[in-house]
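Worksheet: one structure, shown below.
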There are 2 protein chains.
Amino acid sequence: MGKKTKEKILEAAKRAFAKKGFNGVSVEEIASMAGVNKAVVFYYFPKKEDLFAAVWESSIDELEEHIFKDVEGESLYIRKIKKLLRSYIDFVRNRKEIMKLIEREKASVLDSDEENDKIRLKLKNRYRSFVGRIISLLNEAKRRKEVDSDLPSKEVAGIITDSIGSMVFHPDVSPEMIEKVVLRFLGRR
Amino acid sequence: MGKKTKEKILEAAKRAFAKKGFNGVSVEEIASMAGVNKAVVFYYFPKKEDLFAAVWESSIDELEEHIFKDVEGESLYIRKIKKLLRSYIDFVRNRKEIMKLIEREKASVLDSDEENDKIRLKLKNRYRSFVGRIISLLNEAKRRKEVDSDLPSKEVAGIITDSIGSMVFHPDVSPEMIEKVVLRFLGRR
DNA sequence: ACGAAATTTTACCATCCGGTCAGTTAAAAA
DNA sequence: TTTTTAACTGACCGGATGGTAAAATTTCGT
């Protein structure tokens, strides 16, 4: 049996949103990419926003899972961080689509107005919880004196996610270089 | 005499694109924000794309001008860089609108397909030339041994622009912290 | 095999959007 | 004063878009 319809729609939507952004794609376009009728998209996702929400959450899930997968295997925090960076870069290289989706829509998700969309607010919080996990990792590493204890975790986490993430649109910057730079930067001096 | 019509349209478009993105705003919306008839927008900018191009180029112009304004006043390269960082952060704080515009549309501009739009390609190159100037500054500083000579300029320039730029959507990270972090990072050890 | 529930298709609608155009106003040029 | 040109208006067009309703088809438990 082939993939389930809902899954096909989600994957097509992921590709479409990544390439053209939420407002740049029509539901019909997504439907035809998924090989289904437009109305069946609305059957599974009553609003276009719902479809986007599902795509966003699944994307962050996948990113977070991949990035923290190998972290638990290490006991030293500096090595956890090293693993995280390596997985992150690996993800950017191999899952360009998801990264483009995230980079392209990040602004609109993070800028969503508090009193505006409840649904967008949830997406913003999903992203923040992802960054929050990186912050916690850095905090713990600082507590254990494995990274310089007066590096501000929040800002460093931002630097990591933003600079690695946007690599996906800079084919000429080397992911390994970024990794080396960040690592050397974290080491105490 | 009030502002000229074309100028009013450009400013309204800048605000609109910053808040909702290119595909999230209609020309009519922009026109009404500018207090002019929709057709007069097309009178000055035959296509919506033309309007966006004008907004983008003026935004990068403004950013670049502001960031490099005080750089020439310094002779030491490390101080030039310090000035640049400070101006950059200053810009993010005081010109949120432009930064949101840039952050929101950066993905779509940088991802523009080579054989696709000639006009988008121009915008991509405009952005690249801006980053190129930062790279040159870093290179020169390295040549003069004022910053660690084996820091890869391209990657560091990316880290600077991406992390400072996206601060505009993270009201809880401190610009000054980023500045301190980047500066300490550039210092030779 | 049968009926009910889930899924898919067809046809449709109301609205919006980018863009055009014929024509008006106002100011500058002659 | 007449003519010309630039700036502006309002009405309109064709196509796209998000979304809906109902019929048709498939799936599945009994």
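These figures come from a predicted structure and were not determined experimentally. Atom set for the values below is all heavy atoms of this structure, side chains included, hydrogens, waters and symmetry mates excluded.
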Per-nucleotide protein contact along nucleotides 12-27 of chain C, 5' to 3', at a 4.0 Å heavy-atom cut-off (B base, S sugar-phosphate only, - neither), is -----SBBBB------

For A:F45 and D:dG19, what is the distance between atoms CZ and P respectively, to the nearest whole Å? 14 Å

Could you tell me which residues satisfy side chain to side chain donor-acceptor pair (under 3.5 Å) with B:R79, sequence neighbours excluded, listed by chain and number? none

Taking only residues two or more places apart in sequence, or in another chain, which ones meet B:K142 in a side chain to side chain contact (heavy atoms under 4.5 Å, CB included)? B:N139, B:V147, B:S153

Identify, residue by residue, the members of residues 5-17 of chain A with a heavy atom below 4.0 Å from DNA chain D, and return them in order of residue number, or none. none

Only distances under 3.5 Å count here; give the side-chain donor-acceptor pairs of residues 29-46 of chain A to other protein atoms, sequence neighbours excluded, each with its distance to 0.1 Å.
residue: A:E29; atom: OE1; partner: A:S26; partner atom: N; Å: 3.3
residue: A:E29; atom: OE2; partner: A:K20; partner atom: NZ; Å: 2.6
residue: A:N37; atom: OD1; partner: A:A39; partner atom: N; Å: 2.9

Do any pairs count as a ring pair (Phe, Tyr, Trp, His ring centres under 6.0 Å) and have a residue in residues 141-171 of chain A, sequence neighbours left out, and if so which ones? none

Measure the acute angle between the ring planes of A:F130 and A:Y88, then classify it against the limits of 30° and 60° as parallel, tilted or perpendicular. perpendicular

Across the strands shown, which category fits B:Y43 at heavy-atom distances under 4.0 angstrom: base, sugar-phosphate, nothing? base

I want to check one thing: is the phosphate of C:dA6, taken as OP1 and OP2, less than 4.0 Å away from some side-chain N or O of A:Y44? no

Can I get a per-line list of side-chain donor-acceptor pairs under 3.5 Å for residues 172-179 of chain B, giving both atom names and the distance, sequence neighbours left out?
residue: B:S174; atom: OG; partner: B:E176; partner atom: N; Å: 3.3
residue: B:S174; atom: OG; partner: B:E176; partner atom: OE1; Å: 3.3
residue: B:S174; atom: OG; partner: B:M177; partner atom: N; Å: 3.0
residue: B:E176; atom: OE2; partner: B:R93; partner atom: NH1; Å: 3.0
residue: B:E176; atom: OE2; partner: B:R93; partner atom: NH2; Å: 2.9
residue: B:E179; atom: OE2; partner: B:R86; partner atom: NH1; Å: 3.4
residue: B:E179; atom: OE2; partner: B:R86; partner atom: NH2; Å: 3.3

How would you list, by chain and number, every residue that makes a side chain to side chain donor-acceptor pair (under 3.5 Å) with A:E7, sequence neighbours excluded? none

Nearest whole Å is fine: how far is D:dG19 C1' from A:D50 CG? 12 Å

Taking only side-chain nitrogens and oxygens of B:N37, does any of them come within less than 4.0 Å of OP1 or OP2 of D:dC8? no

Enumerate the ring pair (Phe, Tyr, Trp, His ring centres under 6.0 Å) contacts for residues 64-83 of chain A, please, sequence neighbours excluded, ordered by first and then second residue. A:H66-A:F91

